[in-house]
Amino acid sequence: MAIKKNNQPNSNKDINYYKKKFWRVFAYTLLGILAFFLFASWGLFGSMPSFEDLENPDSNLATEIISSDGVVIGKYFKTNRSQLKYSDLPKSLVEALVATEDARFYEHSGIDGRGTLRAVFSLGTNGGASTLTQQLAKQLFHGEGSKFLPFRIVQKIKEWIIAIRLERQYTKNEILAMYCNVYDFGNYSVGVSSAAQTYFSKDPKDLTMDESAILVGMFKNSGLYNPVRNPEGVKNRRNVVLSQMEKAKMITTAEKLRLQALPIALKFKLESHREGTATYFREYLRDYMKKWVAENKKPDGSDYDIYKDGLKIYTTIDSRMQLHAEEAVSEHMKNLQQQFFIEMKTNKNAPFVNITQAETDRIMMQAMKNSTRWAIMKDMDKSEDDIIASFKVKTKMRVFTWKGERDTVMTPLDSIRYFKHFLQSGLMAMEPQTGNIKAWVGGINYKYFQYDHVGQGARQVGSTFKPFVYATAIEQLNMSPCDSILDGPFMIHKGRHNVTADWEPRNSDNRYRGMVTLKQGLANSINTISAKLIDRVGPEAVVELTHKLGVKTEIPAQPSIALGAVDITVEDMVAAYGTFANQGVYVKPQFLSRIENKSGEVIYEPIPESHDVLNKDIAFAVIKLLQGVTETGSGARLRTQGGGSGDNRWTGYPYMFKNAIAGKTGTTQNQSDGWFMGMVPNLVTGVWVGCEDRSARFKSLTYGQGATAALPIWGYFMKLCYADPGLQVSKSEFERPANLSIKVDCYSAPKVKDTTATEQNTDEFEL
């Protein structure tokens, strides 16, 4: 008993000792943890995002190009990521995401305590504990992180701190939207918006429930659960997501079973700079934006980056009209191309016509030097002889055809000649009252032919230049469309108007018609009439007016310009013709409405440019002249159904338009260029067709003239526009000025019933 009494005090002492030690260790540990968190938040273990970083996380957003009707027609990006608001997300995707990734998302404040304890005690074998907010923090500020455990612990703590800050800074809905915007779904698509377009060709709001479940399933591991490479694994993962939704009572068992039975249905399409809608316009806009960012700085003085700043570029392009224009160009060009290949079968130097071997060699050598192959081999310090020799070695390649891309074997030199066979086209449509460009088609296929024939390529305009001559004559000589002039032999002698030799223009059929009105002269594109008019007003006056109309090309003050020996872009021609439709007021073509930053603030809004060129009466008189072209002249086939020479290549014929149309065909010497300028009161459209090289061309007027090469594109395009009532393309008459002082209503002879003969005859006059 004595021993027990002696030991009792020692036992009490031991218990108290261990209690104090425990609480001391506990306090030190707690203080250590608190200090660790505090030091981490101060950035002692690596930088932490500032308040500004949390307000504006660097999310590397793609710049979006948006049409006037609200469609995203393209993007500029290094990482294809688009910003979505919570309201843009479908309910099914939000529910699937919460049910699968973070069931208590709406209950915690960034860290799920229950989940964290479960993960700690199970050593991670019973699932992780990262909340959606933590996953967002990881995605935004340090990615996957380190595999080294001590560093990983530090990163996890930083993740918790950032998550708590995010929860304080943003609402739950904003956090969900941000998370959906930053996840990489593979195939160059980052964020739900890009993923929906890439895998299903849809906007996010149009996703079905099973499609939403597929995307949510990819959040676990987009590399493993990629629906293109692993459809079976994706289906299994999707079904897990649907089971989670059923468990959370978001869908019924019957719905789950029905959705789980569905196959994986994709509409996969990679978003590419070289494919999609308005490719030529997007490239033209990209070049413009390079200059814009150099002249327009951020508020802090730094440069905008169109590949990561998430700008929204609102354009005047109408996506519906753009698609109609692309269809019209595609349908007619593949039709006309068949005829070109037929003609070239008997041409030993195809596609070149009537040129020497030396000239052919020069063209081919220039093409070789402009090729990527030449540039690469030159960088490798290869000799010119070695480079030329490589162009004669057969190799596997993929080439463009109108029936789709084709794999073949040929020499690079043969491929150059093959691609030079293809007819090219340029089309631009614009509202004359606003200058808003509604459609822009710079070529037949941007992937293979990157030269833009709207804004980049100036080509000889032929008879489409003649209205500028007529407008000058009406303005300066007080003439009217009904005034008569003699169609007969005519010469401008050496020395007059700067000509260096006698110039005697001839009509294309080498005959003369006697007295004709100005309206008949333009309708039948009579060369002598244009020559006489420019002789009376002087070429300087015509050049001056043409520049006022918006043509930027340098034009020689020579009488020959009356027949169209001038190179002008489609863009400038449309602007110039638009002045006539806009009652004599020139409005500079406009392709931008505004530019916004990623926060939706307008950072740029262009100021429209316009100036008076002609009074209303003169502009209307020119419109009446141009209406004559589509009533009795080379554009009359727009109103007939009788057919004629080459009618199997008039794509979309018969057109049978009955509304007011002002237009002008144009064909250059040797049929190198075919044009049609067509106008209705609220839309002016210019179309050019020709080969890349002017020596590659049709041999005759039948197919090479503007009425066959270019006019059908306009007719096809307008038929599509009129069939689309949402576009509201006018069928009304052109507005007639009050108290019109110029006689425009001329006597016209009864129409000839044999439209076939009429069209063939008038087509011969076209130059």
Side-chain angles (χ1 to χ4, degrees), residues 62 72 75 77 79-82 84 88-103 127-128 130 132 135 138-139 143-144 176-177 179-248 250-277 398 404-407 447:
V72 176
K75 299 176 184 178
F77 59 85
T79 300
N80 185 8
R81 175 182 290 156
S82 297
L84 281 176
D88 299 322
L89 295 170
K91 182 183 176 184
S92 59
L93 188 138
V94 172
E95 290 182 340
L97 181 58
V98 171
T100 307
E101 295 291 327
D102 192 352
S130 285
L132 280 173
Q135 292 179 48
K138 179 170 66 176
Q139 291 282 342
E144 283 303 314
L176 277 173
Y179 184 65
C180 288
N181 283 331
V182 302
Y183 189 77
D184 188 343
F185 287 87
N187 288 306
Y188 309 108
S189 56
V190 177
V192 166
S193 179
S194 296
Q197 287 292 342
T198 299
Y199 294 110
F200 304 110
S201 298
K202 289 183 176 182
D203 290 329
K205 63 180 177 2
D206 299 323
L207 290 170
T208 62
M209 189 170 289
D210 73 300
E211 289 168 345
S212 291
I214 289 171
L215 293 184
V216 169
M218 294 177 72
F219 276 106
K220 184 177 179 67
N221 185 329
S222 60
L224 176 61
Y225 298 112
N226 187 301
V228 177
R229 297 194 299 267
N230 183 15
E232 193 59 37
V234 167
K235 184 176 182 180
N236 293 336
R237 179 62 187 163
R238 177 202 65 182
N239 291 349
V240 169
V241 173
L242 293 169
S243 295
Q244 290 296 105
M245 293 180 74
E246 180 207 21
K247 183 179 177 182
M250 293 172 177
I251 58 174
T252 64
T253 302
E255 284 178 305
K256 179 195 77 170
L257 294 173
R258 179 182 64 82
L259 293 168
Q260 286 181 336
L262 294 174
I264 299 296
L266 301 179
K267 198 172 180 183
F268 179 73
K269 186 176 182 182
L270 279 176
E271 291 198 61
S272 165
H273 296 307
R274 294 191 170 191
E275 295 176 351
T277 307
R398 178 166 291 183
E405 293 178 307
R406 197 181 88 190
D407 291 321
K447 184 176 179 180

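Any value given below was found using the heavy atoms of this structure, including those in side chains, with hydrogens, waters and symmetry copies removed.
Heavy atoms only, all atoms of each residue included: Pro263 and Arg238 are closest at O-NH1, 3.8 Å. Of all heavy-atom pairs spanning Leu84 and Asn181, the tightest one is N-OD1, 2.8 Å. Contact record, Gly276 with Lys269: CA-NZ, 4.5 Å, taken as the closest heavy-atom pair.
The closest donor-acceptor contact from the side chain of Thr100 to the backbone of Leu97 lies at 3.5 Å or more, if one exists at all.
Between the CG atom of Leu89 and the OH atom of Tyr179 there is a distance of 13.0 Å, given to the nearest 0.5 Å. In this structure, the separation between NZ on Lys91 and CG on Leu93 is 13.0 Å, given to the nearest 0.5 Å. Here OG of Ser189 is found 10.5 Å from OH of Tyr183. Values are rounded to the nearest 0.5 Å.
Scored by the salt bridge (Lys or Arg N to Asp or Glu O under 4.0 Å) test, Lys267 finds no partners at all (sequence neighbours excluded). Glu405 meets the side-chain hydrogen bond (donor to acceptor under 3.5 Å, both in side chains) test with Lys447, Tyr448; sequence neighbours excluded. Partners of Ala248 by side-chain contact (heavy atoms from CB on, under 4.5 Å), not counting sequence neighbours, listed by chain and number: Ala99, Met250.
For residues 213-233, no residue pair satisfies the side chain to side chain donor-acceptor pair (under 3.5 Å) rule, not counting sequence neighbours.
Contact of the Pro204 side chain with the Asp88 side chain is not registered, since no non-hydrogen atoms from C-beta on lie closer than 4.5 Å.
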Under the side chain to side chain contact (heavy atoms under 4.5 Å, CB included) rule, what do Asp203 and Gln197 come out as? Steps first, then yes or no, please. CA-CA 6 Å; Asp203 290 329; Gln197 287 292 342; 2.8 Å; yes
For Asp102 and Gln135: C-alpha separation, side-chain torsions, deciding distance, then whether side chain to side chain contact (heavy atoms under 4.5 Å, CB included) applies. CA-CA 10 Å; Asp102 192 352; Gln135 292 179 48; 5.9 Å; no
Please lay out, stage by stage, how Asn187 and Tyr199 fare under the test side chain to side chain contact (heavy atoms under 4.5 Å, CB included). CA-CA 9 Å; Asn187 288 306; Tyr199 294 110; 3.0 Å; yes
Go through Val190 and Phe185 one step at a time and tell me if the side chain to side chain contact (heavy atoms under 4.5 Å, CB included) criterion holds. CA-CA 6 Å; Val190 177; Phe185 287 87; over 6 Å; no
Show every donor-acceptor pair shorter than 3.5 Å between a side-chain atom in residues 253-260 and any protein atom, with sequence neighbours excluded, or say none if there are none.
residue: Thr253; atom: OG1; partner: Glu246; partner atom: OE2; Å: 2.6
residue: Glu255; atom: OE1; partner: Thr252; partner atom: N; Å: 2.9
residue: Glu255; atom: OE1; partner: Thr252; partner atom: OG1; Å: 3.4
residue: Lys256; atom: NZ; partner: Glu246; partner atom: OE1; Å: 3.2
residue: Gln260; atom: NE2; partner: Asn239; partner atom: O; Å: 2.9
residue: Gln260; atom: NE2; partner: Ser243; partner atom: OG; Å: 3.2

Contacts table for residues 208-215: side-chain donor-acceptor under 3.5 angstrom, sequence neighbours left out:
residue: Thr208; atom: OG1; partner: Asp210; partner atom: OD1; Å: 2.7
residue: Thr208; atom: OG1; partner: Glu211; partner atom: N; Å: 3.4
residue: Thr208; atom: OG1; partner: Glu211; partner atom: OE1; Å: 3.2
residue: Glu211; atom: OE1; partner: Lys202; partner atom: NZ; Å: 2.9
residue: Glu211; atom: OE1; partner: Thr208; partner atom: N; Å: 2.9
residue: Glu211; atom: OE2; partner: Lys202; partner atom: NZ; Å: 3.2
residue: Ser212; atom: OG; partner: Ser92; partner atom: OG; Å: 2.9
residue: Ser212; atom: OG; partner: Thr208; partner atom: O; Å: 3.2

